[in-house]
Each structure stands twice: as structure tokens, then as C-alpha cells.
Chemist: 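Structure provided below as C-alpha cells; questions to follow.
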Number of protein chains: 2
Amino acid sequence: MTQVNIDLIAENLITIHPLLFKSISRPLRHQSSITPGGMFVMGYLKHYGTLSMSDIGKCLSMAKPHITVIVDKLIEEGYVERQSDPADRRIVNILLTEKGLADFETIKQVVSENLKSKLLLLNEDELEILSLATEQVKGILISILSKE
Amino acid sequence: MTQVNIDLIAENLITIHPLLFKSISRPLRHQSSITPGGMFVMGYLKHYGTLSMSDIGKCLSMAKPHITVIVDKLIEEGYVERQSDPADRRIVNILLTEKGLADFETIKQVVSENLKSKLLLLNEDELEILSLATEQVKGILISILSKE
DNA sequence: ATGAATAGTTATACTTTTGTAACCATTACG
DNA sequence: CGTAATGGTTACAAAAGTATAACTATTCAT
């Protein structure tokens, strides 16, 4: 019975994934210069404040060389900066710049516009349900999927 | 106040997106021969039964040439087939083969294993909440995001 | 009937993502 | 100390996704 729930949840998440891909990653490409990968990295930096290159890789299950590429591009645009860790000089910590934080919020707003234009089709009850439901999904998924 | 809800929902969805990307698209690459794009297409075919090339493009907001590439690859693997529309001979309808349907379900199961191993960390109450919440998010997002 | 519009493919170029191996610097451990 | 392990970068190759233009075939509309 728990098993049934888990299968159902997995199935639901697999169905939700392409809907978000279409409604978030796609508008991102059209309305900003930032790549989905860069956006993901900035989202984690916003949440955690500072992350090492390896930490970012673990968050997104991406290989370290790919993280280097993404971070290089973000630095080029002035969105993040490298800081060497005084305690362990092998480690490079990444953090958002002020510009990065500001532009991240702006880009989120722009992408939100697409979503919001669709959400306006819903009635008050549906919005209420979706508001609570997305909050719950977000909270629980973060707790089990965000690290490692 | 409705405005507040909508912004919150958009923000939540933007946060959920990379979590699903990591937990679904990534394992897909490692544990199957199918690409995320191909998986998305098969998911829509499973849901709608039959779709024209243009319909698929609208579902995923992808350009038609890209759909051609994806479908060519799916045909190569025997997962889908083309059928010319008798009513309008310009239209090419795509549908899952038996093998495509079977393998799609298998791949979903495999990808689910990753998710499920994480979901097992949750207690009964959280599973109950997540089950209902994902069901609601899925239903509402399909209603407003799937077509066009 | 002819021109415009639609559906799809082909071709091409480019960006992003993915994967692997080799390499340097630093730290950890015997 | 010397060797292994870790963190990160570089270099390279290949796959996937993105975008646009040109083209064929078919249908639509006047």
C-alpha cells in the first residue's frame, strides 16, 4: 500500500517533468542569455549562499568539468565569483555577485510571466490547491533530492 | 492576493524544475538508450494516442525539424511509427508501437527506481501528502500547459 | 485555376550538454 | 617523508538540443 503510493508519486513526477521543461527551460532560452544549466547553478547558490565546485556538481549530478564550463560563463557575465577557501586551498567556493542575485531574480520574474499567463486561466479554488500542493512538493523534494 | 498566490506558485515550480531534471533526466541518460527528448515525445504519445508532427512540436514547444530528428531516432529503435493521414495527406501521424509502449513503461520503471529509493526516506504521512500534492499539480498543469 | 498557407523534411550551423582522460595543486594518511 | 586521495582545471570528442532557411507536397481560398 505504501508501495502503491510510491509508484504513483514517481509516475506523477515523471509526468510533471516535461511540463516544467517546456514552460520554464524553453522560455528561459528565448528571453534571457542564460542557459538552463547556469540558471540551475544560480538557483542552488541563491539557496545555499556558497558552494564549492564539487558541491554544485553533486547538487545537479553533473561532472566537474561541466561545472567549470558553466561557472566560467557565469563569471564572464559577472553573475558569480570564485573565492579560494582559506582552510583548504584546493577548494574553490562560488557565490553570487550582487548583479548575479539581482539578474537571477529578474530572469525568474520574466520566466514567471509565461507561467503566470497560464495560471491566470485557473479559478480561485484551483489556485489555492496548486499553491499548497506546489509548496508541499517543493518542500519534500528539496529534503530528499537536493544534496548528493 | 490572487497575485501573491500566482507569484508563489511560479516560484515553487521554478524551484521544483531542477530537482526533477536531476532525478529524472539524468538517470534516464545513464540507464537507457533513450534521450530526454525521445522520452518526452513518447510520454505525449502515450497520453494522446496519436499526434501529428506539428502537434508534438506544440506539446513540447520544439521546432519541427527537431521533432523530425527525434522521431527518426525513435523509429530507428522501433518505438514509434509514421502513418500518413488519409484525410489530409500532408499530415504524418505518429503513434507508439507495441514495443515502444512496452519499453516506455519499462524505462519509466527503471527511472522510478531512482526516485523511489529517495522516496523511501519519507514517512507515511509525508508520502500521503506528496501523493495527493503531485496528483493535484499534475492534473492542473496538464490542463493549462500541455497543449499549444 | 492560381496563389497563399500548412505540414513536413532536409540541410546547415551553432550552442549546450555529456563523458573521459590527463594533469596540477593541495591535503590526508601510512 | 612519500604515496594516495581529493578538488579543480584543461583538453578533447561526441551527442543532444536549438534555430533558420530552403524545399516538396498538399490543401485552402478566392
Side-chain angles (χ1 to χ4, degrees), chain A residues 17-18 20-22 24-42 50-77 79-95 148, chain B residues 17-18 20-22 24-42 50-77 79-95 148:
Chain A
H17 178 42
L20 296 185
F21 177 79
K22 168 190 177 177
I24 296 175
S25 277
R26 200 51 50 93
L28 189 65
R29 306 296 282 266
H30 281 86
Q31 294 164 18
S32 82
S33 63
I34 202 171
T35 67
M39 193 68 178
F40 292 167
V41 169
M42 291 184 41
T50 292
L51 289 170
S52 72
M53 297 293 286
S54 292
D55 287 340
I56 295 173
K58 283 173 195 162
C59 283
L60 290 165
S61 296
M62 287 172 177
K64 285 186 292 182
H66 189 195
I67 304 298
T68 298
V69 171
I70 292 174
V71 166
D72 278 350
K73 196 156 297 178
L74 290 175
I75 287 176
E76 211 171 274
E77 312 232 28
Y79 292 152
V80 305
E81 61 183 33
R82 287 189 167 91
Q83 275 185 0
S84 71
D85 191 317
D88 182 341
R89 287 181 348 218
R90 291 171 302 180
I91 297 177
V92 176
N93 290 308
I94 310 298
L95 51 119
E148 191 250 342
Chain B
H17 178 42
L20 296 185
F21 176 79
K22 169 189 176 177
I24 296 175
S25 277
R26 200 50 53 89
L28 188 66
R29 306 295 282 267
H30 281 86
Q31 294 165 18
S32 82
S33 63
I34 203 171
T35 67
M39 193 68 179
F40 292 168
V41 168
M42 293 187 34
T50 291
L51 289 170
S52 70
M53 298 294 285
S54 291
D55 287 340
I56 296 172
K58 285 174 193 160
C59 282
L60 290 165
S61 297
M62 286 173 177
K64 285 186 292 183
H66 190 194
I67 304 299
T68 298
V69 171
I70 292 174
V71 166
D72 279 350
K73 196 157 296 178
L74 290 175
I75 287 176
E76 211 171 274
E77 312 232 29
Y79 291 152
V80 304
E81 61 183 34
R82 287 189 167 91
Q83 275 185 359
S84 71
D85 191 318
D88 183 340
R89 289 181 347 219
R90 291 171 302 180
I91 297 176
V92 176
N93 290 309
I94 311 298
L95 50 120
E148 191 251 343

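A note on names: the letters A, B, ... follow the listed sequences, proteins ahead of strands, and every chain is numbered from 1.
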Chemist: Start at the 5' end of DNA chain D and walk down; is the nucleotide closest to A:S25 or to A:N93 reached first?
Modeler: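 Of the two residues, A:N93 wins.
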Chemist: Could you give all pairs that pass the salt bridge (Lys or Arg N to Asp or Glu O under 4.0 Å) test and reach residues 30-40 of chain B, with sequence neighbours left out?
Modeler: none
Chemist: Both B:K64 and A:P65 contact DNA chain C. Which one's nearest nucleotide lies toward the 5' end?
Modeler: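 Mapping each residue to its closest nucleotide by heavy atoms, the 5'-most match is B:K64.
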Chemist: Of all of residues 66-75 of chain B, which get a heavy atom below 4.0 angstrom from DNA chain D, listed by number?
Modeler: B:H66, B:K73
Chemist: Of all residues at least two apart in sequence or in a different chain, which pass the ring pair (Phe, Tyr, Trp, His ring centres under 6.0 Å) check with A:F40?
Modeler: B:H17, B:F21
Chemist: Mind checking side chain to side chain donor-acceptor pair (under 3.5 Å) for B:R29 and listing every partner two or more places apart, or none if nothing turns up?
Modeler: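 Side chain to side chain donor-acceptor pair (under 3.5 Å) list for B:R29, sorted by chain: empty.
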Chemist: Can you check whether A:T35 has a side-chain N or O nearer than 4.0 Å to OP1 or OP2 of C:dT17?
Modeler: yes
Chemist: Tell me the salt bridge (Lys or Arg N to Asp or Glu O under 4.0 Å) pairs involving residues 30-39 of chain B, sequence neighbours left out?
Modeler: none
Chemist: If only side-chain N and O atoms of B:R82 are considered, is one of them under 4.0 Å from the OP1 or OP2 phosphate oxygen of C:dT9?
Modeler: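 Checking B:R82 against C:dT9: at least one side-chain N or O falls below 4.0 Å of OP1 or OP2.
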Chemist: Please give the angle, rounded to 10 degrees, between the axes at the start and the end of the helix from C:dA1-D:dT30 to C:dG30-D:dC1, where five pairs define each axis.
Modeler: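 That helix gives 20° between its end axes.
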Chemist: Closest approach of B:K22 and A:K58, non-hydrogen atoms and distance?
Modeler: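 In terms of heavy atoms, the two residues are closest at NZ-O, 3.2 Å.
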Chemist: Applying side chain to side chain donor-acceptor pair (under 3.5 Å), name anything that partners A:R82, two or more places apart in sequence or on another chain.
Modeler: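 Here the qualifying residues are A:D72.
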Chemist: Residues two or more places apart in sequence or in another chain: which of them pass salt bridge (Lys or Arg N to Asp or Glu O under 4.0 Å) with A:R90?
Modeler: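 Expected list: A:D88.
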Chemist: If you define the side chain from C-beta out and look only at heavy atoms, does anything of A:I70 sit under 4.5 Å from A:L74?
Modeler: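 They are in contact (side-chain heavy atoms under 4.5 Å apart), so the answer is yes.
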Chemist: What is the distance, rounded to the nearest whole Å, between atom NZ of B:K22 and atom P of C:dT18?
Modeler: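 To the nearest whole Å, that distance equals 13 Å.
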Chemist: Does the side chain of B:I34 come within less than 4.5 Å of B:M42's, by heavy atoms?
Modeler: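 In short, these two side chains touch, coming nearer than 4.5 Å.
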Chemist: State, to 0.1 Å, how close B:L60 and A:R26 come at their nearest heavy-atom pair, and which atoms those are.
Modeler: O-NH1, 3.4 Å
Chemist: Residues two or more places apart in sequence or in another chain: which of them pass side chain to side chain donor-acceptor pair (under 3.5 Å) with B:E77?
Modeler: none
Chemist: Could you tell me if the side chain of A:S54 sits less than 4.5 Å from the side chain of A:K64, heavy atoms only?
Modeler: yes
Chemist: With the sugar-phosphate defined as primed atoms, P, OP1 and OP2, and the base as all remaining atoms, what B/S/- string results for nucleotides 23-30 of chain C, 5' to 3', for protein heavy atoms under 4.0 Å?
Modeler: --BBS---
Chemist: For DNA chain D, which nucleotides open and close the run of contacts to chain B, 5' to 3', at under 4.0 angstrom from a non-hydrogen atom?
Modeler: D:dA16 to D:dT27
Chemist: Reckon B:R26 has a side-chain N or O less than 4.0 Å from the OP1 or OP2 of C:dT18?
Modeler: yes
Chemist: Kindly write out the residues that satisfy side chain to side chain donor-acceptor pair (under 3.5 Å) with B:S52, not counting sequence neighbours, or none if the list is empty.
Modeler: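 With neighbours one apart ignored, the set is B:D55.
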